[in-house]
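Step one of this worksheet: look at the structure below.
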Amino acid sequence: MMSFDLTTEQIDLKVRARDLASGIIADNAAEVDKSEQYPWENVKALKEAGFMGMTIPKELGGPGCNFLDANLVVEEMASYCGPTGRIAVEANMGAISAVVHYGTESQKKLAADLVLDGDKPAICITEPDAGSAASQMTTRADKRGDKYIINGKKHWITGGGVSRLHLIFARVFDEKGSELGIGGFLAVRGQSVGLRVGTREPTMGLRGIPETELVFEDLEISEDMVLMPPSGFKRGFADLMNAYNSQRVGAGTVALGLAAGAYRNALAFSKEREQFGRPIAEFQGLQWMLADMSVQLEAARALLHKAALSAGHNGSPFPDATLAAQGKIFTSEMALKVTTDALQVFGARGYSRNYPMERLARDARMFTIGGGTAQILRTVVASRILGSKLPQTRDGFTKLAESASARTILQAAE
Ligand code: FAD
Ligand code: COA
């Protein structure tokens with residue numbers, strides 16, 4: 001049974017996170033956006049508060065929190081500063097979760113030590129020709145003796161040039177050149193030769209974190225840095241994406257936080273700003289906008305909490321894929337509307353860079369795209385509610401139909 005009530009410890013955690021977020025994180029937010037510099041001071045504060053590596057188990061030196069605990073912190077951070085919310089996601093979900101659950105003892109120790117020391121790992125999936133079609137990636141890992149040699153290029157990698165730990169998805173080939181599936185490879189920037197940080201994207205929002213290309217030029221990964229998924233390389237992609245569901249819930253929570261921050265500002269401003277001789281909060285047109293925002297926020301929060309709590313209740317240590325996708329679709333689209341409506345409440349001031357509203361709206365714009373677009377996630381949800389595979393390649397349905405008719409023929413022959 002899942003309970004939606006926060007425990008006393010979780011309420012305390014939320015209060016502690018809010019204190020930090022409304023202090024130094026809020027103070028730095030505009031400057032982080034303007035300077036486009038990675039917020040190392042915020043990272044230090046997150047680390048000191050114990051918010052980096054919250055989901056790392058106690059035996060590895062972490063506090064052993066669950067995904068809901070971590071997301072409570074993410075929401076508070078994001079409600080003042082989107083990039084800091086995203087750092088809290090990647091320091092607690094995604095790559096670090098994959099290592100904690102799939103890694104060898106030495107991999108877990110390496111990752112835990114780095115993250116607890118303030119590193120936000122990078123997860124490297126997307127390529128210029130394989131975005132939504134991630135399984136069509138061409139970055140390859142060729143087995144050579146006791147090493148894998150990685151060649152290829154990723155782009156839009158969050159934290160390129162600042163992250164130390166990298167989880168790289170690559171197509172795996174044995175010594176004879178036969179393909180084995182997709183695997184995960186761990187590299188540490190500064191230690192791994194052949195890992196080059198390429199061009200940085202000039203992004204619309206979330207400007208405090210670099211999004212860069214990563215180029216692998218004969219990057220050597222020793223066998224002990226292969227993150228072997230439980231069912232081996234053959235189903236490696238499915239296992240790695242299963243771990244990635246945690247990050248989808250985290251991304252949804254950043255969108256939630258941004259919307260919650262915009263709503264909080266709009267609520268306060270509507271009581272202060274006067275027109276026609278009275279606070280604008282007294283106009284029903286705005287009251288209903290604010291009421292709608294509160295409805296959307298509550299619904300999004302409940303869905304994301306359910307998704308976060310599903311981990312461990314579904315035969316997997318990670319959040320359920322359907323709930324994670326549903327949560328991210330709903331919250332990312334909700335955040336577009338809520339941040340835009342909240343900006344509207346500010347009138348011209350909302351459009352000014354002297355106020356936080358345009359930054360929150362720019363930051364929120366990302367979440368229907370990164371981490372699986374709203375369209376792709378609908379396909380994920382559809383395939384699961386329909387209980388069928390929904391291949392998106394042109395020949396996918398043909399192959400499926402052929403294998404189905406082959407099965408029918410075989411069954412008829414039995
Ligand atoms: P495309 O796949 O080219 O899609 C273009 C459009 O077509 C979209 O609207 C899409 O929804 C639609 N579309 C495509 N296929 C279908 C289909 N079958 N049905 C319906 N519509 C479809 N990647 C990483 O690996 N690591 C990161 O750290 C990372 N961080 C990111 C940070 C930011 C700020 C952003 C913006 C992206 C990040 N990404 C990262 C990449 C992100 O995951 C991809 O952008 C995303 O998966 C979409 O790929 P694409 O941009 O190539 O779009
Ligand atoms: N959780 C658990 N399993 C997942 C999964 C997830 N999020 N996504 C895919 N899988 C599994 C599928 O269930 C399937 O397993 P099956 O063979 O038992 O059916 C397997 O992985 C392959 O998935 P499939 O949907 O057949 O792959 P595809 O080649 O059609 O590609 C995806 C579709 C998965 C690549 C696409 O849905 C997707 O998620 N794209 C976005 C990529 C992304 O989020 N990038 C973020 C980078 S930060």
Side-chain angles (χ1 to χ4, degrees), residues 82-83 86-87 89-90 93-95 98 120-137 139 153-160 162-163 166-170 181-182 184 200-214 229 231 234-251 254-255 307 310-311 314-316 318-329 332 362-384 387-397 399-400 403:
R86 294 188 72 216
I87 292 167
V89 170
E90 296 206 57
M93 295 155 227
K120 172 214 83 61
I123 190 157
C124 314
I125 308 173
T126 308
E127 300 180 359
D129 293 326
S132 297
S135 53
Q136 295 187 345
M137 65 183 66
T139 292
K153 184 171 165 183
K154 303 282 177 184
H155 76 168
W156 284 94
I157 303 307
T158 303
V162 297
S163 295
H166 291 67
L167 171 58
I168 303 163
F169 285 41
I182 288 176
R200 179 174 175 168
E201 294 291 339
T203 59
M204 173 181 180
L206 298 165
R207 292 185 182 170
I209 308 191
E211 304 293 341
T212 76
E213 290 175 338
L214 281 187
S231 18
K234 198 162 167 30
R235 289 194 50 76
F237 181 69
D239 284 342
L240 290 166
M241 288 309 284
N242 197 25
Y244 187 71
N245 291 324
S246 60
Q247 190 154 326
R248 284 191 175 152
V249 178
V254 179
S310 66
N314 55 356
S316 150
F318 308 110
D320 176 74
T322 311
L323 283 170
Q326 288 170 328
K328 183 164 173 295
I329 295 167
S332 60
R362 271 190 290 112
D363 286 359
R365 188 61 194 86
M366 199 286 279
F367 294 89
T368 59
I369 303 170
T373 67
Q375 291 72 41
I376 282 297
L377 294 184
R378 282 184 166 83
T379 305
V380 170
V381 173
S383 72
R384 282 160 197 265
S388 29
K389 280 189 90 73
L390 299 175
Q392 302 295 302
T393 54
R394 280 199 177 147
D395 64 351
F397 279 104
K399 281 191 188 144
L400 206 63
S403 62

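Both counts, for ligands and for their atoms, begin at 1 and track the order of listing.
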Those residues that, when tested against Q136, pass side chain to side chain contact (heavy atoms under 4.5 Å, CB included) (two or more places apart) = A133, T393
Which of the ligand 2 atoms, numbered from 1, are nearer than 4.0 Å to a heavy atom of Y244 = 44 (O), 46 (C), 47 (C), 48 (S)
What pair of heavy atoms forms the shortest contact from T212 to G160, and how long is it?
-> OG1-CA, 3.2 Å
Is the shortest distance from a heavy atom of R384 to ligand 2 less than 4.0 Å?
-> yes
Is there a donor-acceptor contact under 3.5 Å from the side chain of T373 to the main chain of T368?
-> no
For the residue pair H166 and L214, establish whether any side-chain heavy-atom pair is separated by less than 4.5 Å.
-> yes
Take atom 23 (O) of ligand 2 and look for protein heavy atoms under 4.0 Å from it; say yes if you find one, no if not.
-> no
Can you tell me how far the CG atom of N242 sits from the CG atom of D320, to the nearest 0.5 Å?
-> 9.0 Å
Protein contact of atom 9 (C) of ligand 2 - nearest heavy atom, named by residue and atom, plus distance | M241 CB, 4.2 Å
Value rounded to 0.5 Å, distance of CD in E213 from CD in E201 = 7.0 Å
Proximal ligand 2 atoms for A321, defined as those under 4.0 Å from one of its heavy atoms | 1 (N)
Where on K389 is there a heavy atom closer than 4.0 Å to ligand 2, on the side chain, on the backbone, on both, or on neither?
-> side chain
Can you find a heavy atom in the side chain of K328 that is under 4.5 Å from one in the side chain of Q247?
-> no
Rounded to the nearest 0.5 Å, what's the gap from CD on E127 to CD1 on I157? Could you check?
-> 9.0 Å
State if S132 counts as touching ligand 2 under the rule of any non-hydrogen atom under 4.0 Å.
-> yes
P121 side chain near L167 side chain, heavy-atom distance below 4.5 Å | no
Where ligand 2 meets A238 - atom numbers and elements under 4.0 angstrom, heavy-atom basis | 3 (N), 11 (C), 20 (C), 21 (O)
Rounded to the nearest 0.5 Å, the CE atom of M204 sits from the CD1 atom of I369 at a distance of 8.5 Å
Find out whether K154 and T126 are in side-chain contact, i.e. whether some heavy atom of one side chain is under 4.5 Å from a heavy atom of the other.
-> no
Quick one: does ligand 2 sit under 4.0 Å from the side chain of R248, the backbone, both or neither, non-hydrogen atoms only?
-> side chain
Give the minimum heavy-atom separation between D363 and P83, together with the two atoms involved.
-> OD2-CD, 3.9 Å
Residue and atom name of the nearest protein heavy atom (relative to atom 15 (O) of ligand 2), distance in Å to one decimal | R235 NH2, 3.5 Å
Considering all protein heavy atoms, does one lie under 4.0 Å from atom 43 (C) of ligand 2?
-> yes
Does G372 reach ligand 2 with a nitrogen or oxygen that is under 3.5 Å from one of the ligand's nitrogen or oxygen atoms?
-> yes
Show which atoms of ligand 2 fall inside a sub-4.0 Å distance from at least one heavy-atom site of G371.
-> 44 (O), 46 (C)
F318 side chain reached by D239 side chain, heavy atoms, under 4.5 Å = no
What are the atoms of ligand 2, with element, lying closer than 4.0 Å to any heavy atom of A134?
-> 35 (C), 42 (C)
Give a yes/no on ligand 2: does Q247 have at least one heavy atom closer than 4.0 angstrom to it?
-> no
Would you say ligand 2 has an N or O under 3.5 Å from any N or O of T126?
-> no
What do we get for Q136 next to ligand 2 when only non-hydrogen atoms under 4.0 Å count, side chain, backbone, both or neither?
-> neither
Shortest protein heavy-atom distance from atom 34 (C) of ligand 2, along with the residue and atom involved | F237 CE2, 3.8 Å
Taking any residue with a non-hydrogen atom under 4.0 angstrom from an atom of ligand 1, which ones do you get?
-> R86, I123, C124, I125, T126, G131, S132, W156, I157, T158, E211, M366, I369, G370, G371, T373, Q375, I376, Q392
Test item: S163 and T158 side chains (from C-beta on) under 4.5 Å apart, heavy atoms | no
Heavy-atom nearest pair, G94 first then S246, reads N-OG, 3.0 Å
Among N242, D239, I125, T158, closest by any non-hydrogen atom to atom 2 (C) of ligand 2 | N242
Can you check whether a protein heavy atom sits less than 4.0 angstrom from atom 7 (N) of ligand 2?
-> yes
Counting only heavy atoms, which portion of V380 has something under 4.0 Å from ligand 2: side chain, backbone, both, or neither?
-> side chain
Residue and atom name of the nearest protein heavy atom (relative to atom 29 (O) of ligand 2), distance in Å to one decimal = S135 OG, 2.4 Å
Which ligand 2 atoms are under 4.0 Å away from a heavy-atom of I376?
-> 36 (C), 37 (O), 38 (C), 39 (O), 40 (N), 41 (C)
Under a 4.5 Å cut-off applied to non-hydrogen side-chain atoms, are L377 and R248 in contact?
-> yes
Atom pair CE/CZ of M241 and F169 - distance to nearest 0.5 Å = 6.5 Å
CG of L206 to CZ of R86: how many Å apart, nearest 0.5 Å?
-> 5.0 Å
Atom 1 (N) of ligand 2 - nearest protein heavy atom and its distance = N245 ND2, 3.0 Å
Determine, using heavy atoms of T379 and all atoms of ligand 2, whether some pair is separated by less than 4.0 Å.
-> no
